[in-house]
Amino acid sequence: MRRWLKIIVAVLVAAALVLVIKWKAPDHEDVSLAKTNVEAADELLAAYADGRNMLLFHSQEIDEKKVYHLLQAQEPYLSTLSATSYQNGNLRLTYAVIDKEEQESGIAAAKKAGAEAAAEEETIEGKLKAIHDALIRSCIYEETGEQRAQMAAGVSEDGVAVCAGYARAFYAMCEGAGIDVYYVEDDDMTHAWNVIRLYGETYFIDCTYDDPVPDQGQRVGDAFFMLTADQLRETHTWDEALYEEFLDNRYPENFAYIQRMQDLQLADPSLRAADTDTPAEQDELDALNDLLGTTIAQSVTDIDEDGEETMLTRGELYRLGYEALWDVVDGERRIEQLIDSYIVPPIVARKMGF
């Protein structure tokens with residue numbers, strides 16, 4: 001059963017995380033100045049995208065196992081990380097993707113399936129549930145020694161996967177639907193699931209645990225859909241501090257306002273967390289002013305007290321817009337007028353506390 005699979009996966013991971021100790025540092029090496037594990041993972045992925053698969057780290061704070069967790073968190077690929085430690089404390093990390101072309105085919109299929117599953121849903125949570133259900137209905141959990149079962153391809157092309165395949169496929173499916181979701185694994189790397197930060201709160205989704213074993217066709221569970229850390233902690237263990245640090249880095253604070261406004265159909269549904277701190281466009285501001293019937297700002301540009309030009313970011317734009325929904329106009333909140341005019345969906349607005 002799943003316990004047996006955990007042992008097999010643990011052996012595979014042990015082979016992936018190879019630590020070699022050397023007495024002398026290499027003469028020439030691409031050197032990273034990263035001081036945290038999050039920075040180390042980001043720089044290693046950037047180097048890999050640039051055609052280099054290894055970096056030398058000087059910081060004593062870099063932990064190869066935590067870096068490996070973070071590499072997997074933000075990439076839907078089955079990968080390996082090897083580490084070489086030197087007597088002077090330097091650490092060289094080498095990142096590699098296993099059978100990348102084969103994996104890319106499965107990831108592309110998963111993205112397409114995710115976009116299709118979420119197409120009719122209006123809210124982010126609705127899209128997540130549609131993707132969760134579509135994945136479970138299309139796949140059978142089976143403890144197999146096949147490497148593809150740990151890939152997104154196991155779900156999207158074979159219909160047979162283990163937890164790692166479920167979590168990687170869910171990541172890719174959400175990517176296809178334009179949703180920022182990440183991959184999480186326990187400290188022993190024997191179980192995997194997913195995480196999202198929605199409206200500033202962290203939620204976990206474990207598609208594997210929601211798929212009945214033995215398979216029951218179209219039946220889908222939901223006991224492990226959108227759980228808080230307190231709820232998930234009853235059955236799962238993971239490096240909570242590490243992942244929270246990672247999520248803080250990936251989800252800017254104002255992205256929560258973009259998500260709320262997307263659900264209220266007052267923001268472009270294609271906006272992602274990475275768009276939060278990008279400059280807003282004037283026509284974007286004008287359109288929001290028209291929708292809200294107010295002037296949250298006259299222009300996306302301003303002059304600060306030092307005479308320097310500043311730009312209104314998208315995160316700031318939608319934060320101001322969300323705050324304006326609570327303003328009282330002619331005896332009622334602005335959001336009530338938008339509900340009455342069918343500009344925002346009433347059920348979504350009420351669920352959000354309006």
Side-chain angles (χ1 to χ4, degrees), residues 1-2 4-6 8-9 12-13 16 71-80 97-121 126-186 189-196 203-227 236:
M1 299 293 286
R2 293 180 182 177
W4 175 85
L5 175 67
K6 287 187 175 184
I8 297 298
V9 173
L12 292 174
V13 169
L71 289 170
Q72 297 211 110
Q74 56 195 308
E75 290 289 334
Y77 293 102
L78 176 61
S79 60
T80 64
V97 173
I98 300 171
D99 298 327
K100 187 173 184 180
E101 187 172 319
E102 176 184 351
Q103 292 205 63
E104 286 179 338
S105 172
I107 289 169
K111 288 181 178 180
K112 183 174 183 292
E116 292 173 351
E120 301 301 319
E121 299 294 330
K127 292 176 183 179
L128 290 169
K129 186 63 165 63
I131 293 169
H132 164 278
D133 292 359
L135 186 159
I136 291 172
R137 287 173 176 145
S138 68
C139 190
I140 296 174
Y141 181 93
E142 183 175 315
E143 296 171 354
T144 170
E146 293 293 327
Q147 190 167 261
R148 281 176 62 87
Q150 298 183 55
M151 301 176 180
V155 172
S156 61
E157 296 182 335
D158 304 340
V160 177
V162 293
C163 61
Y166 277 64
R168 291 189 173 104
F170 188 77
Y171 176 114
M173 291 173 76
C174 289
E175 180 73 17
I179 305 173
D180 296 285
V181 166
Y182 296 99
Y183 179 101
V184 182
E185 58 195 357
D186 61 20
M189 292 175 270
T190 56
H191 186 56
W193 58 97
N194 299 95
V195 64
I196 183 172
Y203 296 99
F204 298 91
I205 300 169
D206 191 334
C207 295
T208 307
Y209 274 37
D210 277 341
D211 194 355
V213 176
D215 189 71
Q216 296 182 26
Q218 296 298 296
R219 184 171 178 273
V220 174
D222 62 5
F224 291 88
F225 178 74
M226 298 295 282
L227 299 187
H236 294 52

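For reference, positions follow the sequence shown, starting with 1.
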Practice problem: Indicate the atoms forming the closest heavy-atom contact of Ala167 with Asn194, along with that distance. | Solution: O-ND2, 3.0 Å

Practice problem: Begin from the C-alpha positions of Phe224 and Ile205 and carry the test side chain to side chain contact (heavy atoms under 4.5 Å, CB included) through to its verdict. | Solution: CA-CA 6 Å; Phe224 291 88; Ile205 300 169; over 6 Å; no

Quiz item: Would you say the side-chain atoms of Asp206 and His191 include a donor-acceptor pair closer than 3.5 Å?
Solution: yes

Quiz item: With ring centroids as reference points, do Phe204 and His236 lie under 6.0 angstrom apart?
Solution: no

Quiz item: Where do Ile136 and Cys207 come nearest, in terms of heavy atoms and distance?
Solution: CD1-O, 3.6 Å

Self-check item: Residue pair Asp211 / Tyr166, side-chain donor-acceptor N/O under 3.5 Å
Solution: yes

Practice problem: List the steps and the verdict of side chain to side chain contact (heavy atoms under 4.5 Å, CB included) for Thr80 and Ile98. | Solution: CA-CA 7 Å; Thr80 64; Ile98 300 171; 3.7 Å; yes

Practice problem: Ignoring hydrogens and angles, tell me if any N or O in the side chain of Ser156 forms a donor-acceptor pair with the backbone of Gly106 under 3.5 Å. | Solution: yes

Practice problem: Report the C-alpha separation of Leu78 and Val97 in whole Å, then their side-chain angles, then the decisive distance to 0.1 Å, and conclude whether the side chain to side chain contact (heavy atoms under 4.5 Å, CB included) test is met. | Solution: CA-CA 6 Å; Leu78 176 61; Val97 173; over 6 Å; no

Quiz item: Where the side chain of Asp222 meets the backbone of Phe225, is there a donor-acceptor pair that is under 3.5 Å apart?
Solution: no

Practice problem: Return yes when atom NZ of Lys100 has more than 12 non-hydrogen atoms of other residues, nucleotides or ligands closer than 6.0 Å, and no otherwise. | Solution: yes

Exercise. Using the side chain to side chain contact (heavy atoms under 4.5 Å, CB included) rule, pick out the option among Gln72, Glu104, Met151 that qualifies with Tyr77.
Key: Glu104

Practice problem: Check the pair Asp99 / Gln147 against side chain to side chain contact (heavy atoms under 4.5 Å, CB included), numbers first and verdict last. | Solution: CA-CA 10 Å; Asp99 298 327; Gln147 190 167 261; 3.3 Å; yes

Practice problem: Decide if atom NZ of Lys129 counts as having more than 12 heavy atoms of other residues, nucleotides or ligands within a radius under 6.0 Å. | Solution: yes

Exercise. Check for a donor-acceptor pair, side chain of Glu142 on one end and backbone N or O of Val162 on the other, with a separation under 3.5 Å.
Key: no

Self-check item: Considering all heavy atoms, the nearest Ala149-Thr144 contact
Solution: CB-CG2, 3.3 Å

Quiz prompt | Inter- and intrachain pairs under salt bridge (charged side-chain N to carboxylate O under 4.0 Å, His left out), touching residues 154-180, at least two apart | solution = Arg148-Glu157, Arg148-Asp158, Glu175-Arg272, Asp180-Arg272

Self-check item: Closest approach of Thr208 to Ala192 (non-hydrogen atoms, all atoms of both residues)
Solution: OG1-O, 4.4 Å

Quiz item: Any donor-acceptor pair under 3.5 Å linking the side chain of Ser138 with the backbone of Leu135?
Solution: yes

Self-check item: His132-Asp210 side chain donor-acceptor pair, cut-off 3.5 Å
Solution: yes

